[in-house]
Amino acid sequence: VTLLGSLAKTLRSKNAGAFALTLDVLFRDQAGYVRASQSPNLTADQIALRYGVAADQVRLEFYPQALALKVTMPRSVPSGDPADSDVYGAQQHVPLMLLDLDCPTTSP
Amino acid sequence: VPGNRQGELRLLAATGCLGYGFTEVALQRALEGGLDLIAADAGSMDPGPYYLGAGLPFVSERAIERDLRLLLRAARAAGIPLVIGSAGGGGGDPHLALTRRILLRVAAAEGLRFRLAVIGAEVPRELVRERLRSGRVQPLWPVPQLTEAELAATTRIVAMMGAEPLRAALEGGADVVLAGRCSDSALYAVLPLMRGFDPGLAWHLGKTIECGGAIVRPKTGQDCVIGTLREDHFEVEPAHPDKACTIESVAAHTMYENPSCFTFVEPSGEVDTRAARYEALDPRRVKVSGSRFVPAGAVTAKLEGVALVGYRAVCMAGVADPVLIAELDTFSTQIVERVAMEATSLGIAPSSYTLTLRRYGLDAVLRRPAQAQLPHEVGLMLDVVAATPEEASAVLAKARYVAMHTDFPGRLCSAGNLAMPFAPSDIAVGPAYRFSVWHAMELNSPCELFPASFEDVGA
């Protein structure tokens, strides 16, 4: 088991506007970045499953210069709607943090 | 060579949000080094749609007054402009009016004289409807296109101004500018743009320091950050002597709250930081160069609007009984169904309200992982949003009673299911809003929606 969070020095989520969520992962080192970016489990499909959104709506961007990964997706409920649970989107990083890079068939 | 002393501009980002505070030590030290402008953002949509809808700030008036008093005193003593953006949080008319009242109170108490410009940012629905019909309103991903029905339901819309309306206010002689909804970066880009500095560096500097202490380590609340702009680079440093900016803290901020790592969009164009270079000048100062500005084809303004959903009332209680915690899924469904019957008996249609059971400790924030163990306590929030405050309170009182006194399999605690932390147990929260407009509208000119009114304070 290698959780994505174990390779990161920053792993955070926040609103990118009221209708989208953006997650930043800053890796501790080059080895961790390479490990994560080559994992068959760190895909839009797997992230979409964990966040309950459509896979084609998940944007996944790797930035080798910054040893960073940015994931942006629509919020399943807009910020502050009656059914929302996290107005700032500040605690939505956990499913990504707990994503296991080793097991390609994990389900949420 | 543009700028003042030796072709440089020194800009102070006093705090990431007016009312979040800063240390007096930092402000004093920044003033001693010489400054050309003091600015502070006061707003954000992150705290949710309520504050824009209700016309209220998300910080206390007391905190706004404290920060404004220190900044106004400092700016007037130094004879430099003070610029406040997204005043009052939402940057709408009531937010501006509140901030102006506080400012005038402070000015009177301190005996200060200055020229004030107040720049409005509310947009009439009729204008948006007209532009929508002529195809000049576009959705911002991932929002669908605006409909006229959604627009009609919207109670307040603000547009985000760029640097041009701020520039018009400063060129009109304003010493103090209170701006409605405004790009955070524009507060710092405006003076450099007026003085002919490179727009890529000016905007990137603005984006870097707009959150104040967010780029400062250690992160202990908000504080002042100084940005120094020169012909081919800028430098950032914390004003507080015991704090530091690092390459990492500065570079990482470009991606913060932004869908991209290296580019960000401003009303007048896009800033590309892919070629930016970051150098540590010493343990607390970072030098940045190489950012580029790409002007936009058409002038647009981002619109943010909210619609009234109803009125909220909530009750927070604790569940400690392990039998009930194990039964909470079935129990929750039963509560919702029984409350629907009770509401109907009061003449309140179940379709007219929402009852959300927020089960803190179990799954209120995120979906519960299948293998997760059950907690020994659960915080149960009963959250009702109904058509009127009276109906919200009526539905909530029923929900509280039903949750307290409904049987579940294996129940021993037949005197009550909930631990109430205090009385009254039910809290009327007030109006509830949702975001209804999140679109970009084409403007005929950058200042079109943002009229400035000038007044001489203390004259």
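Each chain gets a letter, A, B and so on, in the order the sequences are listed, and its residues count up from 1.
With a 4.5 angstrom heavy-atom cutoff, E61(A) touches chain B only via side-chain atoms. At a 4.5 Å heavy-atom cutoff, the contact between Q57(A) and chain B is made by backbone and side-chain atoms alike. With a 4.5 Å cut-off on non-hydrogen atoms, E304(B) does not touch chain A at all. Only the side chain of A68(A) comes within less than 4.5 Å of a heavy atom of chain B; its backbone N, CA, C and O stay farther away. If you measure heavy-atom distances from A251(B) to chain A, you find no contacts under 4.5 Å at all. Looking at T22(A), the atoms closer than 4.5 Å to chain B (heavy atoms on both sides) all sit in the side chain, from C-beta outward. Contact of Y50(B) with chain A is not made at all, since no heavy-atom distance falls under 4.5 Å. Both the backbone and the side chain of V365(B) come within less than 4.5 Å of a heavy atom of chain A.
Contact count versus chain B (heavy atoms, under 4.5 Å) is highest, among D86(A), D24(A), D81(A), for D24(A). Ranked by heavy-atom pairs under 4.5 Å with chain B, the first of K9(A), Q91(A), M73(A) is K9(A). Between chain B and the options G17(A), G52(A), A66(A), the largest number of non-hydrogen pairs under 4.5 Å is found for G17(A). Counting heavy-atom pairs under 4.5 Å between each of V306(B), L140(B), V143(B), V309(B) and chain A puts V143(B) at the top.
The structure places NE2 of H93(A) at 8.5 Å from CG of L366(B), a figure rounded to the nearest 0.5 Å. To the nearest 0.5 angstrom, D84(A) atom CG is 10.5 Å from F435(B) atom CZ.
Partners of R274(B) by salt bridge (Lys or Arg N to Asp or Glu O under 4.0 Å), not counting sequence neighbours, listed by chain and number: D272(B). N15(A) meets the side chain to side chain contact (heavy atoms under 4.5 Å, CB included) test with L21(A), R75(A), S79(A), D46(B); sequence neighbours excluded.
Listed here is the closest heavy atom pair of A20(A) and W141(B): CB-CZ3, 3.9 Å. Nearest heavy-atom pair, P74(A) versus P142(B), reported as atom, atom and distance to 0.1 Å: CB-CG, 3.6 Å. The shortest non-hydrogen separation linking T354(B) to P82(A) is OG1-CB, 4.1 Å. When all heavy atoms of A252(B) and L26(A) are compared, the closest pair comes out as CB-CD1, 4.0 Å.
Counting heavy-atom neighbours within 6.0 Å of R292(B) CZ, excluding the residue itself, gives a total of 12 or less. For E270(B), the CD atom sits in a packed shell: over 12 heavy atoms of surrounding residues, nucleotides or ligands are nearer than 6.0 Å.
At a threshold of 4.5 Å between non-hydrogen side-chain atoms, the residues P78(A) and R434(B) do not count as touching.
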